[in-house]
Amino acid sequence: MSEQELKALRLRIDALDEKVLELISERARCAQEVARVKMASLAEGEVPVFYRPEREAQVLKRVMERNQGPLGNEEMARLFREIMSSCLALEQPLKVAYLGPEGTFTQAAAMKHFGHAVISKPMAAIDEVFREVAAGAVNFGVVPVENSTEGAVNHTLDSFLEHDMVICGEVELRIHHHLLVGENTKTDSISRIYSHAQSLAQCRKWLDAHYPNVERVAVSSNAEAAKRVKGEWNSAAIAGDMAAGLYGLTRLAEKIEDRPDNSTRFLMIGSQEVPPTGDDKTSIIVSMSNKPGALHELLVPFHDNGIDLTRIETRPSRSGKWTYVFFIDFVGHHRDPLVKGVLEKISQEAVALKVLGSYPKAVL
Ligand SMILES: O=C(O)C(=O)C[C@]1(C(=O)O)C=C[C@@H](O)C=C1
């Protein structure tokens, strides 16, 4: 390519950037107007709701449907995700607590869902995320709820039994684990590998094959594992890209998870009910009396009404020995007439039923 051609193309890019800049600014001014309208239409004592997950899902879906390339749909939606995040920050900067420390996959999930223009707050434990939201210190919390290899995150399910929370969104993240070392690590003398118990389990076969005699040490998070390795010469950590970048570690081996489709699903928790979008999911907790056929009775109304169950999980209830509660996710919104009917039917048979929330299916 000649210098001349390159110069002409860069001039075109400069002109386009100017237009993009103008349009983004116009969009941001529009969002400020939206905030003004929301404030003006408040009833006495009503609190304004700036963050609208159902609208955000709609915007991102529209972008993906209309995108004609060459950028991929996900790439384009990620760009719009960040524009919207910045526009919302003009209306109201959101505060989001997540399972920390900095560099965890939960932080990556929070950024994927809310974008980077939020004030994020790392918490030391799942229960602390719930408490921070319950106390009103943050608008939303982000917690892991299930992993495709290792199953349910029980701490999260149990926290729902203790706190009154509304689920207002979900996000799925592909989890890639790397074996990380620091600049002082003697890579032929590694005698200890740190990681979160779930991550050690997700890389079990790889570790058996490559480091069968090395001690595996479970710590509170992958980011904590990465932090420890920085100060030691004979250890390595299993963690993801964010932790590697944050602690300046290098990858001795990449993508060492046993299953290539290893993914984790995260939930956004808060106190805000989300209106239907037409493509939603609902999460409920149900406890049934301890009698034969109770689970069957619970599932029949879903089957009879053609409602898709996406997940069912059992946990010991807090109220009695050998009694259980069921966590159920299904497709639909609790305001849909069909879903309403099913929930009414179940509540006639159940000891207790609680709707944890209806929220848009993950777009990104
Ligand atoms: O439509 C709204 O209610 C807005 O506040 C605008 C907007 C946007 O930038 O598109 C910003 C924040 C909301 O979470 C949803 C959408």
Side-chain angles (χ1 to χ4, degrees), residues 17 19-43 45-67 71 73-98 106-121 129 132-133 136-143 165-173 266-282 333 335 356-364:
D17 282 350
K19 279 193 200 157
V20 172
L21 182 66
E22 240 170 64
L23 289 172
I24 292 176
S25 300
E26 197 179 329
R27 191 189 192 288
R29 282 191 292 274
C30 225
Q32 283 177 316
E33 274 299 290
V34 169
R36 191 189 56 72
V37 171
K38 283 178 185 169
M39 290 299 289
S41 55
L42 287 181
E46 203 185 343
V47 194
V49 181
F50 295 111
Y51 175 59
R52 302 295 294 265
E54 76 287 5
R55 172 65 183 155
E56 296 208 349
Q58 210 177 52
V59 170
L60 296 178
K61 268 201 192 141
R62 216 171 111 94
V63 164
M64 289 167 107
E65 276 161 20
R66 290 175 181 230
N67 178 40
L71 290 181
N73 281 354
E74 288 223 350
E75 200 51 49
M76 193 57 105
R78 258 201 297 274
L79 292 173
F80 275 82
R81 156 76 289 144
E82 289 303 330
I83 292 174
M84 233 181 341
S85 178
S86 300
C87 286
L88 175 63
L90 280 179
E91 295 186 42
Q92 175 206 33
L94 278 193
K95 287 193 210 125
V96 177
Y98 64 90
T106 313
Q107 186 185 17
M111 297 303 116
K112 185 174 178 188
H113 187 82
F114 290 106
H116 284 72
V118 293
I119 301 162
S120 58
K121 194 168 174 191
V129 177
E132 199 71 357
V133 180
V138 292
N139 305 95
F140 296 99
V142 184
V143 288
M165 280 294 145
V166 178
I167 301 174
C168 57
E170 62 165 5
V171 68
E172 206 179 298
L173 207 65
F266 299 83
L267 295 177
M268 318 298 135
I269 53 172
S271 53
Q272 188 178 324
E273 285 251 357
V274 186
T277 65
D279 195 12
D280 304 296
K281 266 164 102 171
T282 295
H333 194 284
R335 289 194 208 156
L356 293 176
S358 295
Y359 45 91
K361 269 193 211 167
V363 179
L364 273 177

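Read the numbers this way: they start at 1 and go in the same order the structure lists the ligands and their atoms. Values below: every heavy atom of this structure, side chains too, minus hydrogens, waters and symmetry copies.
A salt bridge is defined here as a Lys NZ or Arg NE, NH1 or NH2 lying under 4.0 Å from an Asp or Glu carboxylate O, and Arg81 with Glu56 meets this definition.
Taking a heavy-atom cut-off of under 4.0 Å, ligand 1 is surrounded by Arg27, Val34, Lys38, Phe50, Tyr51, Arg52, Arg55, Glu56, Met84, Cys87, Leu88, Glu91.
Among residues two or more places apart in sequence or in another chain, the side chain to side chain donor-acceptor pair (under 3.5 Å) test is passed with Glu54 by Arg52. For Glu273, the side chain to side chain contact (heavy atoms under 4.5 Å, CB included) criterion is met by His334, not counting sequence neighbours.
Ring-plane geometry between Phe140 and Tyr51 is classed as perpendicular, the angle between the planes exceeding 60 degrees on a 0 to 90 degree scale with a lower cut at 30.
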Please tabulate, for side-chain N and O atoms in residues 19-32, each donor-acceptor pair with protein atoms closer than 3.5 Å (sequence neighbours left out).
residue : atom : partner : partner atom : Å
Ser25   : OG   : Leu21   : O            : 3.0

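Considering Asn67, Val63, Leu364, Val363 in turn, Asn67 is the only one that fulfils the side chain to side chain contact (heavy atoms under 4.5 Å, CB included) rule with Asn73.
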